[in-house]
Amino acid sequence: MPVPGRAGGQPLGHTESALYPAGFVYIFSAFYFLTDHGSNIRLAQYIFAVLYIITLILIFRIYVLTKKVPPYVFFFMCCASYRVHSIFLLRLFNDPVAMVILFISINLFLQDWWNWGCFFYSLAVSVKMNILLLAPGLLYLLLCRFGLLLTIPKLCICGLLQVVLALPFLLENPIGYLHRSFDFGRQFLFEWTVNWRFLPEYVFHHRAFHLALLTAHLIALVLFCLYRWHRSGHSILSLLKNPKQKKSASQRLSANQIIFVLFSSNFLGVMFSRSLHYQFYVWYFHSLPYLLWGTNTAFLPGLAKILILGLIELSWNTFPSTVFSSSALHLCHGAILLNLWYGTPPDEDTSTSSSANSARVTRKKKD
């Protein structure tokens, strides 16, 4: 069926396959017809301006609930990124659409509305599959909150929505749809890479390099799951238990625990990506303040954190990318990784302070 298959708006013919999942096709089909078959660019920019404002509102709500990022950092997030403004208002990519839906789902998770959160998470995946970078963290949170048996229905919500949205395409050409829309082996062009410019081009395209990055990503996820996300002192296998068998089963996950797990899961995926193109900046731009200020550590002073934000912005604004810009980006990512690893996870810090406060109250009562 003739629908827009790319963010640029060229219609697909009857024999072509969509490059993105079904949700993208539906949403950008609506944009396509709302903008007079893609000719009214001004209206399209207004639509994306609204999406940008909604994104900021959702992000501000997350930061209000976590109470970790100082207010002055919001200036850099709102006003200092030329690249993010360009991605939203000039380029009209599908990445911002996927991210605004993702932030809706995260806000629902923070309200403890996990069914609706999983629904909107899956909807975001149907716009662009980079949202899958948060899947390891989301699975951990679901197991932590519900145990294995009650997690399965949440996963079914995610899977069923994908099937329903993709049904017209699956009935027509299932192999073509799955291969093109969720192509994990897609080759990226070296000329557009932001993060690997310092490598020779043959290394960038080499299969061994891709496998090394995948291995490093999986190892990092396992280490974070075992030593940074899971801090209860119990075995990791305790996540599989029925919630009724857990002492904290009736307690909601804290806002900081949810955000720390989801944002760090996403960051690890970005850090070990085979390539980052310029529009991919929105994948993690709005989470950078939390990644830097969310953990209590003396490893990075406040001025160094602002410097890291500036260097990351400079790296993403350098076109074409250079050896310096790519190297600076990796150095900044490495500093953030060390900050996440050596810093005190926010949920642990909160529980420690709560225990201290309880102890002080008990002493006062005794006195």
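Just so we're clear, the structure is a prediction, and the values are computed from it rather than from any experiment. Numbering of residues begins at 1 and proceeds along the displayed sequence.
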(message) Can you list everything that forms a ring pair (Phe, Tyr, Trp, His ring centres under 6.0 Å) with Phe48? Sequence neighbours excluded, please.
(response) Phe31
(request) Mind jotting down which residue pairs meet the salt bridge (Lys or Arg N to Asp or Glu O under 4.0 Å) criterion with at least one end in residues 107-134? Sequence neighbours excluded, please. (result) Asp95-Lys128, Asp112-Arg145
(message) Between Gln111 (side chain only) and Gly117 (backbone N and O only), is there a donor and an acceptor less than 3.5 Å apart?
(response) no
(request) Could you check Ser315, Ser326, Ser325, Ser321 and say which one makes a side-chain hydrogen bond (donor to acceptor under 3.5 Å, both in side chains) with Arg197? (result) Ser321
(message) Treating Asn266 as the side-chain partner and Trp283 as the backbone partner, does any N or O pair qualify as donor plus acceptor under 3.5 Å?
(response) yes
(request) Mark yes or no for whether Asn256, through its side chain, and Thr66, through its backbone, hold a donor-acceptor pair below 3.5 Å. (result) yes
(message) Closer than 3.5 angstrom, by distance alone: can the side chain of His85 be matched with the main-chain N or O of Cys78 as a donor-acceptor pair?
(response) yes
(request) Would you verify whether the NZ or CZ of Arg274 falls within 45 degrees of the ring axis of Trp196 while also being under 6.0 Å from that six-membered ring's centre? (result) no
(request) Specify the closest pair of heavy atoms between Leu123 and Leu161, including all atoms of both residues, with the distance to one decimal. (result) N-CD2, 3.6 Å
(message) Strictly distance-based, threshold 3.5 Å: is any side-chain N or O of Tyr177 a donor or acceptor partner for the main-chain N or O of Ala22?
(response) yes
(message) If we ignore hydrogens and angles and just use 3.5 Å, is the side chain of Arg228 paired with the main-chain N or O of Trp341 as donor and acceptor?
(response) yes
(message) Using only atom types and a distance under 3.5 Å, with no angle test, would you say the side chain of Tyr121 pairs donor to acceptor with the backbone of Ala135?
(response) yes
(message) Keeping Tyr290 on the side-chain end and Ser264 on the backbone end, is there a donor-acceptor pair under 3.5 Å?
(response) no
(message) Can you give me the closest heavy-atom contact between Ala335 and Leu300, atom names plus distance?
(response) O-CD1, 3.9 Å
